[in-house]
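Residue numbers start from 1 in every chain, and the chains themselves are labelled A, B, ... in the order their sequence lines are given, proteins ahead of strands.
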2 protein chains.
Amino acid sequence: MSMTSGSRKRRQRQDKITLSDVAHQAGVSAITVSRALREPEKVSPPLREAILKVVEEMGYVPDLAARALASKNSGLVGVMSPGLTSHAFLALIRGIEDRVRSSDLRIQYASAETDTEDQLRQLRFFLSQNPAGLIHVGQIGDPAIDDLLRHAPCPVVEIMDVSREPSDMAIGIDHRQAAKTATRHLLEKGYRRIAMLGGAWDFRARRRLEGFRAVLEEAGLFDPALVLSIDGSTSVGLGCHLLDRLKSEAPDAEAAFCHNDDIALGVLFECQRRGLAVPQDFGICGFNDLDYAGFAFPAITSVRVPRYEIGYRAVDMIIRAAGSDTSPTKRVDLGYQLVQRGSTARTG
Amino acid sequence: MSMTSGSRKRRQRQDKITLSDVAHQAGVSAITVSRALREPEKVSPPLREAILKVVEEMGYVPDLAARALASKNSGLVGVMSPGLTSHAFLALIRGIEDRVRSSDLRIQYASAETDTEDQLRQLRFFLSQNPAGLIHVGQIGDPAIDDLLRHAPCPVVEIMDVSREPSDMAIGIDHRQAAKTATRHLLEKGYRRIAMLGGAWDFRARRRLEGFRAVLEEAGLFDPALVLSIDGSTSVGLGCHLLDRLKSEAPDAEAAFCHNDDIALGVLFECQRRGLAVPQDFGICGFNDLDYAGFAFPAITSVRVPRYEIGYRAVDMIIRAAGSDTSPTKRVDLGYQLVQRGSTARTG
DNA sequence: CTGTTAGCGCGTTCAT
DNA sequence: ATGAACGCGCTAACAG
């Protein structure tokens, strides 16, 4: 046909249109075009319209690198977490994007691995872009990461858990308390040999284990043999595997507080496979209250975490922190909610 | 205590360390430090080490905006898709990140909404950063988006489906063929009244519908009343809802080819709730083969898509396209695999 | 192998 | 309300 797409593209790269191209065409100076774009109210209406028309015609697109360099303001907010792509973060990301849409900020995600080295790599990478803010899924305990966050030259919001003093700001829930509520619920339903099944023991999972353990110890029912997990990421398959292990190591186990809903779902399937009736023979409580929890059969009791709101307000906190000098709220606990469903609805 | 974190941070922003700070300290010129960092082999070993030591001591971090501006090379690859956070893209993102790790590229994700306007917004945003490449989950049909991609001044890889001529390059599978295979499988298992249950009819879903329809029409079994969907994103809950509707509108329906595994799982749950035996009374085939498909009870038949490899090789294609002038492979079909499991294992 | 010069495209500052 | 000069931090191109 015509020339290859490759050469066409290469050519285009050369004729990049700059601010002064537009200015020249419109018969004004570059700075006026710049203002017409960023601070329209500072340019007289007729001129403004004329400029915007030229911008449109020429297909001018501002160069964000140049803008960031000149203004020392990248407008970039970095969001970082291991396993950011997990189902549980979907609502979080929606919240973030919704809040960002009406601002001039932009978001960049980094789905780091769980190891410290990779997280540091990603953090440094954000820092090299003069970020306007950082959102970090507190998963820490690592002093090197803490240190980097504490010295970051921008607002930092640690999200999901608020049970400890944040480097800068934090928003989320108290995972220790949430676990207590869930565990008490299982006790109230008459379960006694209660297990905790989970995956990687990140910071939040450890907090939940603390809550779980505290409640059961108070009741004189805690048994470390009922706490099962393996390293690595959680999955439905892992839930199946853990129930298997649990029932072979402790056949009398009669309920499980699960690390998340994926695990809970796996446990449910494995119960079905083994002919264990849920909730009569075995009770299941998940965590996060993902969309499917309410639709499983039986529906899965879970702990609802306000993930959308956490994301929305995390961005909000960054905007506020950048805006005013008055020190804003540093720690926000949004609370959780135990959603009781069929998987723990044992009667008698 | 001491001063607030806010003022501390503000101070830090001022003492940003630049290349010439390091150069001064090390007693060399700025460009030499720059080279020591980017092209170490061009600097004599002793000098290089001395410089890197100073870099380390001063905590110098390169400014990517300045680098991008000066070199006209941002090294940024934009990944864009509606619903990027869905469970199905987890493996894709892993593949992308794994390939990128050994390169000097960096990834930025944009999880656009499904509407054209938002997608255009995100695309323009990428383009304003001089991207080194674009990865787009072909979901199109929209001429405005096609046009933007075609004229992008960088390599563009459309991923997931390869059933049509790409703007630039494409890698994925043929969704039409995949649907044919799945539908034939249901026929072979003896199902006759076969439904297609889905969510948003994006490009790939439409392709699958074509394949589904072609096979059933050939068998004289296609019935438009058995194609059910609603607008909006898919979910387990939607799967439940659709089975409900299906059984009330067409009580004799005996199998479903589902838009994805989420829908399939919802259908499975709803069957359980209704006391419909799977696979005897009702057969279920999903799509994607997410991790849980193999662990459900019964395990769910699904179509495995090589998502990890698609991500990995998409980045690879961008790197190759940027590297050589020889025009590389434009369209790569990675193939799919029907994974037969219990949910369609009807005997007789 | 190392340094000098020049400028990437834009926004800030200060003038008009 | 508009513009001129300058520099952000870095690297390309050339020089030595």
Is any side-chain N or O of T32(A) closer than 4.0 Å to OP1 or OP2 of dG3(D)? yes
With a distance cut-off below 6.0 Å to the six-membered ring centre and an angular limit of 45° from the axis, does R164(A) pair with F203(A) as a cation-pi contact? yes
Between atom CD in E39(B) and atom C1' in dT11(D), what is the gap in whole Å? 9 Å
Separation of atom CG in N73(A) from atom C1' in dC8(D), rounded to whole Å: 13 Å
Give a yes or no on whether a salt bridge exists between D168(B) and K330(B), defined as a side-chain N under 4.0 angstrom from a carboxylate O. yes
Other residues, nucleotides and ligands only: do more than 12 of their heavy atoms fall within 6.0 Å of CD on E56(B)? no
Any side-chain heavy-atom pair from V315(B) and V77(B) closer than 4.5 angstrom? no
Side chain to side chain contact (heavy atoms under 4.5 Å, CB included) with Y312(A): which residues, sequence neighbours excluded? D98(A), R99(A), Y308(A)
Specify the separation, in whole Å, of atom CZ of R48(B) and atom C1' of dT2(C). 14 Å
To the nearest 0.5 Å, what is the distance between CZ on R320(A) and CZ on R313(A)? 8.0 Å
Could you tell me whether E41(A) contacts a base, only the sugar-phosphate backbone, or nothing, with contacts defined as non-hydrogen atoms closer than 4.0 Å? nothing
Distances under 3.5 Å between protein N/O atoms and the N/O atoms of nucleotides 7-11 of chain C, please, pair by pair.
unit_1	atom_1	unit_2	atom_2	d
dC8(C)	O2	A70(B)	N	3.3
dC10(C)	OP1	Y60(A)	OH	2.3
dC10(C)	OP1	D63(A)	N	3.4
dC10(C)	OP2	L19(A)	N	2.4
dG11(C)	OP1	R38(A)	NE	3.1
dG11(C)	OP1	R67(A)	NE	2.7
dG11(C)	OP2	S34(A)	OG	2.3

